[in-house]
Amino acid sequence: DKGLRIADKGYLNTAVMRSEITYIDGEAGILRYRGYPIEQLALHSNHLETAYLLLYGSLPTKYQATLFEEEVLHHGVVHSDAEQFFRSFRYDAHPMAMLTSAFAYLGSYYAEANPSLQGQTLYTKGSPESLAIMDKQILRLIGKATTLAAMAYRVRQGRDFVTPPTGLSYTGSFLYQMDHLGQENYVPNPVLERALDVLFLLHADHELNASSTTVLQTGSSLVDPYSAIAAGCASLYGPLHGGANEAVIRMLISIGKPENVPAFLEAVKRREKVLSGFGHRVYKTSDPRSFIVRKTADEVFKVTGRDELLETAMALHDAAMKDEYFTSRKLAPNVDFWSGLIYRAMGFPLDFFPVLFAVPRVVGWLAHWRQMMLQDGGVKIWRPRQIYVGEGKREYVPVDQRV
Ligand code: SDX
């Protein structure tokens with residue numbers, strides 16, 4: 001086996017690279033973006049400022065922050081051809097399927113995205129022009145992520161598409177485009193806008209989770225970033241990852257009343273059901289984001305009214321946290337356990353919840369992609385090895401001699 005060391009199943013405890021972006025301490029329940037504790041960023045920062053921090057390594061000055069926001073919002077518009085693209089989906093296509101395709105579609109627009117033409121020279125030199133193109137691609141993808149998501153939403157609703165407005169914040173512009181009461185009646189709600197912006201910031205990055213790893217694995221072949229982001233979006237779609245926020249609400253609806261919680265937990269112990277929103281590969285005490293999401297939920301419920309599922313969620317949380325089956329496996333709520341209750345209270349349709357995870361996570365995916373593109377010595381394609389445990393050499397047997 002040429003001295004190969006096999007990584008445990010699912011890359012358990014396997015580091016594939018060094019990174020300066022996000023730090024997680026799973027035992028202590030710590031999460032920091034470029035050294036700043038997530039609790040401080042959630043309290044004082046906003047999604048685009050945090051995006052700048054994750055991408056470029058420091059908090060922006062007022063001027064840098066203003067310019068970055070203007071640039072991102074400027075790139076919010078998509079070519080009107082995108083309307084035909086979105087109209088090609090059935091009205092009930094899952095929004096994550098539409099968004100995943102839309103990112104790859106975006107790549108078909110931009111000449112520099114054609115790897116055979118320029119992929120080889122564009123990124124590996126780290127030249128000023130490649131930096132300029134890279135940063136424009138980053139602005140395009142962050143700016144258009146909300147617009148593409150809103151277009152997927154309008155397909156689901158059977159409504160016309162909405163041109164991104166001017167004069168609203170990144171999150172405000174997204175809510176405006178999503179507003180199902182019709183844009184002429186849109187009344188900004190600062191509490192809901194701030195709550196969604198905090199949720200975006202909390203979901204912006206999380207080190208080498210499955211979808212970020214997918215983006216790096218894909219981007220390491222020097223394919224364009226639009227295609228690499230489409231790959232990451234496909235990975236996030238899964239119920240073990242970003243699809244969990246949707247799965248949590250379906251779980252709570254299936255449980256119904258709090259008095260049904262004990263029976264549900266027994267079914268989970270018999271492995272007949274999954275306790276979505278609990279457990280994490282890295283956090284073995286608690287996911288620090290879940291506390292912030294829980295607090296944000298209370299802010300939102302003051303405006304929207306409490307969701308009757310909250311009682312069930314709290315009963316489920318309290319019962320699981322006291323149950324030896326879960327505590328012995330170090331299972332605690334992750335970022336997805338409470339977030340769906342907020343999205344539901346804000347009126348988003350259930351299958352749209354993973355999209356609300358993907359939109360902000362575009363920032364983290366791009367921060368890791370940019371770090372890889374600029375790493376010393378240029379990009380190395382990610383090509384792991386395996387330990388072969390199959391058949392030894394065999395001779396071919398003609399079909400009429402096989403039994
Ligand atoms: C996210 O990686 C990231 O950082 C992801 C994320 C991010 O920001 O990018 O944080 C976002 O994806 C959060 C996770 C959302 N997924 C869910 O909530 C789905 C439910 N959770 C599980 O599927 C699971 O906990 C995972 C996938 C999150 C983690 O799985 P691991 O690390 O592979 O753990 P495991 O499956 O080996 O579980 C260890 C034990 C097992 O028990 P035994 O078989 O050894 O007896 O815990 C059990 C598991 O059966 N277990 C659960 C459980 N999660 C793990 N049992 C019941 N319910 C669960 N949710």
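Every number for a ligand or one of its atoms is a count from 1 in the order of the listing.
In the vicinity of Gly277, heavy-atom distances shorter than 4.0 Å reach the ligand 1 atoms 17 (C), 18 (O). The ligand atoms of ligand 1 that sit less than 4.0 angstrom from a heavy atom of Leu331 are 47 (O), 51 (N), 52 (C), 53 (C), 54 (N), 55 (C), 56 (N). Short contacts between ligand 1 and Asn209, defined as distances under 4.0 Å to a heavy atom of the residue, involve ligand atoms 2 (O), 3 (C), 4 (O), 5 (C), 9 (O).
Ion pairing between Lys393 and Glu391 fails under the 4.0 Å rule for side-chain N and carboxylate O.
Contact annotation for Val248 and ligand 1: no heavy atom of the residue comes within less than 4.0 Å of the ligand.
The aromatic rings of His47 and Phe200 sit perpendicular to each other, their planes meeting at more than 60°, with 30° as the lower class boundary.
At a distance under 4.0 Å, a protein heavy atom can be found next to atom 25 (O) of ligand 1. Less than 4.0 angstrom separates atom 45 (O) of ligand 1 from none of the non-hydrogen atoms of the protein. There is no protein heavy atom less than 4.0 angstrom from atom 38 (O) of ligand 1. For atom 34 (O) of ligand 1, no protein heavy-atom neighbour is found at a distance under 4.0 Å.
In this structure, Arg270 places its CZ atom where more than 12 heavy-atom neighbours from other residues, nucleotides or ligands lie under 6.0 Å away. Other residues, nucleotides and ligands contribute at most 12 non-hydrogen atoms within 6.0 Å of the NZ atom of Lys273.
Looking only at atom types and distance, the side chain of His94 has a donor-acceptor partner in the side chain of Glu246 under 3.5 Å away. In the model, Ser211 has a side-chain atom that pairs as donor or acceptor with a side-chain atom of Trp365 under 3.5 Å. For the residue pair Thr285/Glu27, the side-chain donor-acceptor check at 3.5 Å is not satisfied. Between the side chains of Tyr170 and Asn46, no donor N or O sits under 3.5 Å from an acceptor N or O. Checked by atom type, the side-chain pair Arg370/Tyr56 shows no donor-acceptor distance below 3.5 Å.
Asp25 places no side-chain N or O within 3.5 Å of a backbone atom of Tyr23 that could act as its donor or acceptor partner. Using modelled atom types, no side-chain atom of Glu71 and backbone atom of Phe68 make a donor-acceptor pair closer than 3.5 Å. Without hydrogens or angle criteria, Thr50 side chain to Leu201 main chain gives no donor-acceptor distance under 3.5 Å.
Residue Ala244 has no nitrogen or oxygen atom sitting less than 3.5 Å from a nitrogen or oxygen atom of ligand 1, judged on distance alone. Considering backbone and side-chain N/O of Tyr325, none are found under 3.5 Å from N/O of ligand 1. Ligand 1 has no N or O atom lying under 3.5 Å from any N or O atom of Asp287, backbone or side chain. Between Lys284 and ligand 1, not a single N/O pair is under 3.5 Å apart. Here's the thing with Leu275: one of its N/O atoms is less than 3.5 angstrom from an N/O atom of ligand 1. Some N or O of Arg271 is nearer than 3.5 Å to an N or O of ligand 1, by distance alone. Looking at Arg281 next to ligand 1, an N or O pair under 3.5 Å apart turns up.
Counting only heavy atoms of the protein, atom 27 (C) of ligand 1 lies nearest to Leu240 O, 4.0 Å. Here the heavy atom of the protein found nearest to atom 12 (O) of ligand 1 is His241 ND1, 3.0 Å. At the top of the distance list for atom 15 (C) of ligand 1, counting protein heavy atoms only, stands Asp336 OD2, 3.2 Å. Looking at atom 4 (O) of ligand 1, its nearest protein heavy atom turns out to be His206 ND1, 2.6 Å. Of the protein's non-hydrogen atoms, the one nearest atom 57 (C) of ligand 1 is Val268 CG1, 3.7 Å. Protein heavy atom nearest atom 9 (O) of ligand 1, with residue, atom name and distance: Arg361 NH1, 2.8 Å. Protein heavy atom at the shortest distance from atom 19 (C) of ligand 1 is Pro239 O, 3.9 Å. Of the protein's heavy atoms, Gly279 O, 3.7 Å lies nearest to atom 28 (C) of ligand 1.
Exactly one residue among Thr213, Asp205, Thr22 makes a side-chain hydrogen bond (donor to acceptor under 3.5 Å, both in side chains) with His368. That residue is Asp205.
With sequence neighbours left out, Arg402 forms a side chain to side chain contact (heavy atoms under 4.5 Å, CB included) with Tyr396, Val397, Val399.
Residue pairs meeting the salt bridge (Lys or Arg N to Asp or Glu O under 4.0 Å) criterion with at least one partner in residues 301-317, sequence neighbours excluded, are Glu299-Lys302, Arg306-Glu311, Asp307-Arg344, Glu308-Arg344.
Under the 4.0 angstrom criterion for non-hydrogen atoms, Arg289 is in contact with ligand 1. The shell of residues lying under 4.0 angstrom from ligand 1, judged by heavy atoms, excludes Gly10.
Of the candidates Arg329, Lys269, Lys330, His280, it is His280 that places a heavy atom closest to atom 10 (O) of ligand 1. Heavy-atom proximity to atom 14 (C) of ligand 1, evaluated over Asn334, Val335, Leu236, is greatest for Asn334. Considering only non-hydrogen atoms, atom 22 (C) of ligand 1 lies nearest to Phe278 out of Tyr11, Phe278, Tyr283.
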Full working for side-chain hydrogen bond (donor to acceptor under 3.5 Å, both in side chains) between Gln371 and Ser19: CA-CA 8 Å; Gln371 178 179 250; Ser19 173; 3.0 Å; yes
